[in-house]
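Structure, as structure tokens:
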Amino acid sequence: MSKPIAITGGRVIDPAQGIDRVANVLLKDGVVEAVTGTPGAASEGYEEIDASGLVVAPGFIDVHTHLREPGLEHKETVATGTRAAAAGGFTTICAMPNTEPAQDNASTIEFVLRLGREQGVVRVLAIGAVTVGRAGVQLVEMAELADSGVIGFSDDGSPVADPNLMRQALTYSQITGLPIINHCEEPSIAGAGQMQMGVIASHLGLSGVPSEAESVMVERDIALAELTGGRLHVAHLSTRRSVEAVRRAKERGLRVTAEATPHHVSITEAWVYGLGGAMPDDGALTTKAYDTNTKVNPPLRTQDDVDAVVEGLADGTIDMIATDHAPHATVDKECTYQEAAHGISNIETAFGSCMVPVHAGSLSLEDLIERMTAAPARFLGMNLGTLKPGFPADVVVLDPNAKWTVDPTAFFSKGKNTPLSGTTLKGRVVTTLYAGEVVHEARAHAG
Ligand code: DOR
């Protein structure tokens, strides 16, 4: 067992305990010993991490991570994905099942969990598929997958399109107690759409996806959650109408939760122009237009949608941030917009992106940290996401005001697919500790 650690003199924000004060965080034997003491005074025999001027919080929890293993190791592995997670301040991540084979059976789940234990530098939990092969036809053996330790079920990347299958899945979720995490996108409306429908899609000559492709399925799923009493979780919620639907569902006391991604709270459809969110002068397209790294599902939305999602996060309608970290190989993005794969590699930029609304004054830092720690821990029903004594020593040290320029070549993730390359973010992860061990230290890398 390594030496105990004292993280000294930082502003400790632990929303689960209502703590927001300058203090020391003491870690011993892999668990939190105490949040205590005179700021700056390290305890004898403890290795000191100086956090003065910085924020100390529970390690972030991501309930939506694509780790790509088994089967797609050229995009990411459990080893690279967890290392990237550590760089992003995440100490618990949940592996999505759109692997090859899909995580639709107990042995694949056990394989992923074992890889996590053996090769992961942070905690890896697993999500099971809803349907066999994620094909949307036949439910998986939900009880068996629940026994193998999944934290929920999702066909993410694809919706559970068949309403009666979704009804059955939600009925089973009452028995297992585990959520059905739906990728809400009505395929008959989304069609072959490449980006958000609107003036920019028309200007670029790309086929558009209307916001309603998402919101009609959110409304459908809420109705089915009410019918069955099942537990619904809306993945990567991204439109104003969806936020309003979830808000109404919560007001009526339904078992509905929702997540939003770092990109849907910080960037818009205008980024498809490749100009960092700016509109082209006089409408003239540049060679940067059609940036395939902006292609993501759900698509980047309008500013009004971004504002609504941030409002939803601030008032708790949207329970948590989840990354939807979707690493892809270079060849998957070096092609036409139509051919490009959906997804953004974002687990290393998540905190900086989520700080955009914080610096804009529309979300508090305390609420952001709650949505990345206590809220996902509640969703998982696990003793995580807080610095209570005896809880795992999973901690992140943050500099909310540090500016840094995104350089995907420096990512630990194999996925270099980010539209933020060259963008300056304000908000940086300094140190990440998992089970009392330092798993990421930016100061060592920055020099
Ligand atoms: O953009 C996306 N990429 N959205 C999804 O739902 C799936 C993900 C992926 O697996 O690449």
Side-chain angles (χ1 to χ4, degrees), residues 62-78 80-81 84 93-104 112 126-131 133-134 136 152-161 180-187 190 192-196 206 209 213-214 217-218 221 233-239 242 258-267 269 271-272 291-301 322-333 335 337-347 349-350 353 413-420:
D62 185 17
V63 303
H64 189 146
T65 320
H66 296 278
L67 287 178
R68 309 296 193 207
E69 198 171 2
L72 299 162
E73 292 84 353
H74 60 294
K75 294 179 193 258
E76 194 75 290
T77 63
V78 169
T80 59
I93 59 178
C94 301
M96 270 292 176
N98 57 341
T99 49
E100 289 179 11
Q103 291 166 201
D104 64 358
V112 170
I127 297 169
V130 180
T131 65
R134 300 176 47 258
F153 298 91
S154 183
D155 276 357
D156 185 64
S158 308
V160 179
I180 307 299
I181 304 166
N182 203 15
H183 169 124
C184 290
E185 181 190 27
E186 172 49 50
Q194 302 293 314
M195 66 172 291
Q196 170 70 13
L206 293 173
V209 185
E214 174 176 296
M217 196 174 280
V218 172
D221 286 355
H233 180 73
V234 181
H236 43 53
L237 183 151
S238 67
T239 76
S242 304
E259 62 181 46
T261 72
H263 38 281
H264 290 116
V265 302
S266 58
I267 63 176
E269 55 177 348
W271 282 68
V272 184
D291 177 6
T292 55
N293 288 318
T294 61
K295 186 170 172 185
V296 65
N297 202 1
L300 298 175
R301 302 290 192 184
T323 66
D324 194 9
H325 172 66
H328 287 293
T330 307
V331 290
D332 300 323
K333 291 288 193 178
C335 51
Y337 208 85
Q338 286 84 350
E339 289 163 332
H342 290 100
I344 298 178
S345 175
N346 69 356
I347 207 159
T349 53
S353 290
S413 171
K414 287 191 184 184
K416 311 302 178 192
N417 50 302
T418 173
L420 301 179

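Note that ligands are numbered from 1 as they come in the structure, with each ligand's atoms numbered from 1 the same way. These numbers come from the heavy atoms of this one structure, side chains and all, not from hydrogens, waters or symmetry mates.
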Open item on the list: Is it the case that the side chain of Ser266 and the backbone of Pro262 share a donor-acceptor pair, with hydrogens and angles ignored and the cut-off at 3.5 Å?
Closed with: yes
Open item on the list: Test of understanding: given a 4.0 Å heavy-atom threshold, classify the contact between Ile344 and ligand 1 as side chain, backbone, both, or neither.
Closed with: neither
Task: Under 4.0 Å to a heavy atom of His236 - the qualifying atoms of ligand 1, by number - done: 6 (O)
Open item on the list: If we ignore hydrogens and angles and just use 3.5 Å, is the side chain of Glu339 paired with the main-chain N or O of Tyr337 as donor and acceptor?
Closed with: no
TODO: Give the residue, atom name and distance (to 0.1 Å) of the protein heavy atom nearest atom 2 (C) of ligand 1.
DONE: Asn297 O, 3.6 Å
Open item on the list: At less than 4.0 angstrom from any non-hydrogen atom of Ala326, what atoms of ligand 1 do you find?
Closed with: 3 (N), 8 (C), 9 (C), 11 (O)
Task: Flag, side chain of Asp155 to backbone of Thr131, donor-acceptor distance under 3.5 Å - done: yes
TODO: Could you pull out, from Glu185, His325, Lys75, Arg68, the option with a heavy atom nearest to atom 11 (O) of ligand 1?
DONE: Arg68
TODO: Considering only non-hydrogen protein atoms, determine which one is nearest to atom 10 (O) of ligand 1 and report residue, atom name and distance to 0.1 Å.
DONE: Asn98 ND2, 2.8 Å
TODO: Distance to 0.1 Å, residue and atom name: give those for the protein heavy atom nearest to atom 3 (N) of ligand 1.
DONE: His342 O, 3.2 Å
- [ ] State the atoms of ligand 1, each with its element, that fall below the 4.0 Å cut-off from a heavy-atom position in His328.
- [x] 11 (O)
Open item on the list: Parallel, tilted or perpendicular, judged at 30° and 60°: which one describes the rings of His64 and His236?
Closed with: tilted
Task: Proximal atoms of ligand 1 relative to Asp156 (non-hydrogen, under 4.0 Å) - done: 5 (C), 6 (O), 7 (C)
Open item on the list: What verdict does the side chain to side chain contact (heavy atoms under 4.5 Å, CB included) test give for Thr261 and Val296, after you've listed the backbone C-alpha separation in whole Å, the side-chain angles of each residue and the deciding distance to 0.1 Å?
Closed with: CA-CA 11 Å; Thr261 72; Val296 65; over 6 Å; no
- [ ] State whether the side chain of Arg68 and the backbone N or O of His74 hold a donor-acceptor pair below 3.5 Å, judged by distance alone.
- [x] no
Open item on the list: Can you confirm whether the side chains of His325 and Asp62 place a donor and an acceptor under 3.5 Å from each other?
Closed with: no
Task: Any N or O of Val296 closer than 3.5 Å to N or O of ligand 1 - done: no
Task: Close approach, Met96 and ligand 1, non-hydrogen under 4.0 angstrom - done: no
Task: Atoms of ligand 1, numbered as shown, that sit under 4.0 Å from any heavy atom of His183 - done: 6 (O)
- [ ] Classify the side-chain pair Glu76/Thr80 by whether it contains a donor and acceptor separated by less than 3.5 Å.
- [x] yes
